[in-house]
Amino acid sequence: MTRYLLRRVPSALLVVAVASVLVFAVIRVVPGDPVATLAGPDASPEARAAIRHDLGLDRPVTTQYVAWVGRLLHGDLGTSYLIGGDIGTLVRHGLTNTIVLTAAALLIAVLLGLVLSLVTVIADKRWLDGLLAAGNTLAVALPTFVTGLLLVLVFAILLPVLPAGGVPPDGFVARPDIAVQYLLLPALCLSLPTAAALTRFLTDALQTQLREPYVLTATALGISRRRIVLTQALRNALPSTVTMLGIQVGVLLGGAVLVEAIFAWPGLGRLIEQGISSRDYPVVQVLLLLSVAVFVVTQLLSDVVHAWLDPRVRLGGES
Amino acid sequence: MTETLVVRERGATAPSTGRHRLLPALLHGRGLLGLVLVATVVLLGVLAPLLAPYPPNQQIAGANLLGPGGAHLLGTDEVNRDLLSRTLYGIRVDLVVVFVAVPLGAVLGGLVGLVASAWSWADVLTQRAFDLVLAFPALILAIALTACLGAGLTTVAVVIMVAEVPVFGRMVRSSALVVREMPYVESSRVVGASTWWVLRRHVLPNSLEPVIVQLALSMSVAVFLEGAMSFLGIGVRPPSPSLGSLIKDGVRNIYESPTFALGPLVLVAALVLGFLLVAQALSKARAQ
């Protein structure tokens, strides 16, 4: 395991490092000048120069990059040009909301995926397979912003039973019953593509397992299909499913940007959207880098969990 | 001389390309359904100038946020424009993205994949570059590129191309690595075929089938990405309509006019679903 981590961690760090250079460079070649936005149209050249100096934009690009990375490593994410304030604080506020939303979506997706695929595989009915496949195609095909809008139309406007958006006014802990109402629609909307992908993947993996010789043996011994699936096939189908879930985290992160826009959910997605529209580059570059880092870390984690669940995977070897 | 003859005989066993196998899959079942869905939306977009009752940006006096019906089949928006006309013209943005950006990305990715498969230094370089692009979730990549290029249709097209290059590059590369080891390719090398000749004659035709399936899949992703970008306000610039930006407008007016975005919603769903069904039918035909 140590050898495997020694090999994987540097390459993951390299991806993040290259991404940090790219993110930093991308922001420098942008057409709009943040100084012009900050200073306003009537500012004198001296005022512009002062602002430029305050922001450190008059120094060489390499110096700026090194300074930026140095501050990041010390936990200082910088100061927002326009939204205002310490980016660290902005990110912490947004992060809580985004984590709650994404975790709820992941939970719904895993529950839906497990129940649907287990029921389908255990029942082993043709019509159920067909129904699931059709539902699956729909869930994959309907873009998040389409399902989100339909959910709002049906559950918040036609039958006004749930709030159309926003976060619970009293926070998530004080009134869990109200928090669930606010969380339900956005989390469901975000979870659907992942739930569909997970269901299809797990169903396929379980059905592949059921063709293995050990299942034939178990059947010959008189063990019921349900027990074989629950106690043996599922255990063997899980490792690859975990890897696949790791990739889905990227889908969830991208989806969160959309879901937060539809449901007015003040998370990191909203923050990055605001950052782009107001050309607040320090915010945008930190968030872009953060999303790459999160993605790289989850990939690494899912590989490690995969190896932990499946002793056949030789982490130190070629795999 | 004898050797050449033997080689020719073995060369004749090279598999044929799959075009004849794939086409029938689109003429029945879900393939046909997908094709009909896509064709309908494409036709609506192409014929927009003939079908649209008004110019897409014309403001009609007294028609503010009307519901569907009467003179305005899908209603009107908050600045008195006919939604049916805007929706029909909005399809055209997706047509550009789907039929220009995706194929360009596929060709570019395919070329990179071919080159990567043939030279090992190029392989290492491109694989790492692909890793990097794929480390960004598509929508985050879109945001990064928009920060750099500014919003607009060109940016949407560039985002889709950049996102698709690694997908097609990987695919062509991996099928090239398989084909390269085939006996008939080895044989053609023995008789002195150059790397380029092998790529063009053997590798390219054999990569075609998976590429065609992936094209249909990528087209559905492209519709989704255009919609998502315009929905976030980093896509096509107003006042030009696109399906995504119309949905965004619909969200803004959802209480005053709940049916505002229904037309574009249905069209986006039909396009994405259509391409997905075509891809499923094609990949099923390949597996058989």
Side-chain angles (χ1 to χ4, degrees), chain A residues 11-12 14-16 18-19 22-23 25-32 133-134 137-138 140-150 152-153 156-158 164-165 249-258 261-262 264 269 272-273 275-277 279 281 284-285 287-288 291-293 295-296 299, chain B residues 30 34 37 128-129 131-151 217 220-221 223-234 243-244 247-248 250-251 254-255 258-262 264-277 279-280:
Chain A
S11 86
L14 188 70
V15 170
V16 176
V18 175
L22 280 185
V23 162
V26 155
I27 302 296
R28 301 297 125 169
V29 297
V30 188
T137 306
L138 266 185
V140 172
L142 292 180
T144 320
F145 52 92
V146 174
T147 46
L149 205 54
L150 290 177
V152 171
L153 271 177
I157 293 180
L158 281 181
V249 169
V251 178
L252 284 177
L253 275 179
V257 180
L258 280 176
I262 301 169
I272 202 169
E273 199 198 330
I276 286 284
S277 56
R279 296 190 177 280
Y281 301 124
V284 176
Q285 61 190 18
L287 288 177
L288 285 177
S291 82
V292 174
F295 191 64
V296 169
Q299 296 253 290
Chain B
R30 60 172 83 163
L37 281 175
R128 291 292 81 78
D131 277 346
L132 199 70
V133 175
L134 294 173
F136 290 88
L139 205 53
I140 303 288
L141 183 74
I143 291 175
L145 285 175
T146 309
C148 174
L149 301 172
L217 263 184
S220 80
V221 175
V223 174
F224 166 77
L225 258 184
E226 184 285 314
M229 287 181 72
S230 299
F231 183 81
L232 289 177
I234 56 174
L243 295 179
I247 295 177
K248 178 192 169 78
V251 173
I254 196 160
Y255 288 102
T259 53
F260 189 114
L262 278 186
L265 280 180
V266 169
L267 288 178
V268 168
L271 261 188
V272 178
L273 188 63
F275 280 121
L276 200 67
L277 288 174
Q280 283 181 354

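Values reported hereafter were calculated over all heavy atoms of this structure, with side chains retained and with hydrogens, waters and symmetry mates removed.
- Top candidate by heavy-atom pairs under 4.5 Å with chain B, chosen from A/V292, A/V140, A/L149, A/L287, is A/L149.
- Between chain B and the residues A/V251, A/V152, A/I262, the largest count of heavy-atom pairs under 4.5 Å involves A/I262.
- Per-residue counts of heavy-atom pairs under 4.5 Å with chain A were compared for B/S220, B/A269, B/G227, B/G244; the largest is that of B/G227.
- With a 4.5 angstrom heavy-atom cutoff, B/L232 touches chain A via backbone and side-chain atoms both.
- With sequence neighbours left out, A/V249 forms a side-chain contact (heavy atoms from CB on, under 4.5 Å) with A/T298.
- The CG atom of B/L262 sits 7.5 Å away from the CG atom of A/L150 when rounded to the nearest 0.5 Å.
- For A/L158, no part lies under 4.5 angstrom from a heavy atom of chain B.
- Interface remark: B/I143 contributes backbone and side-chain atoms alike to the contact with chain A (heavy atom separation under 4.5 Å).
- Ranked by heavy-atom pairs under 4.5 Å with chain B, the first of A/L142, A/V257, A/V16 is A/V257.
- Contacts between A/T144 and chain B at a heavy-atom distance below 4.5 Å involve backbone atoms as well as side-chain atoms.
- Heavy-atom pairs under 4.5 Å with chain A were tallied for B/T259, B/V268, B/I254; the largest tally goes to B/I254.
- With a threshold of 4.5 angstrom between heavy atoms, B/F231 approaches chain A through side-chain atoms but not through N, CA, C or O.
- For B/A228, the parts lying under 4.5 angstrom from a heavy atom of chain A are both the backbone and the side chain.
- Heavy-atom distances place both the backbone and the side chain of A/L258 under 4.5 Å from chain B.
- Taking A/I272, A/V296, A/V15, A/I157 one by one and counting their heavy-atom pairs under 4.5 Å with chain B, the maximum is reached by A/I157.
- Partners of B/L273 by side-chain contact (heavy atoms from CB on, under 4.5 Å), not counting sequence neighbours, listed by chain and number: A/T137, A/L138, A/A141, B/L37, B/L277.
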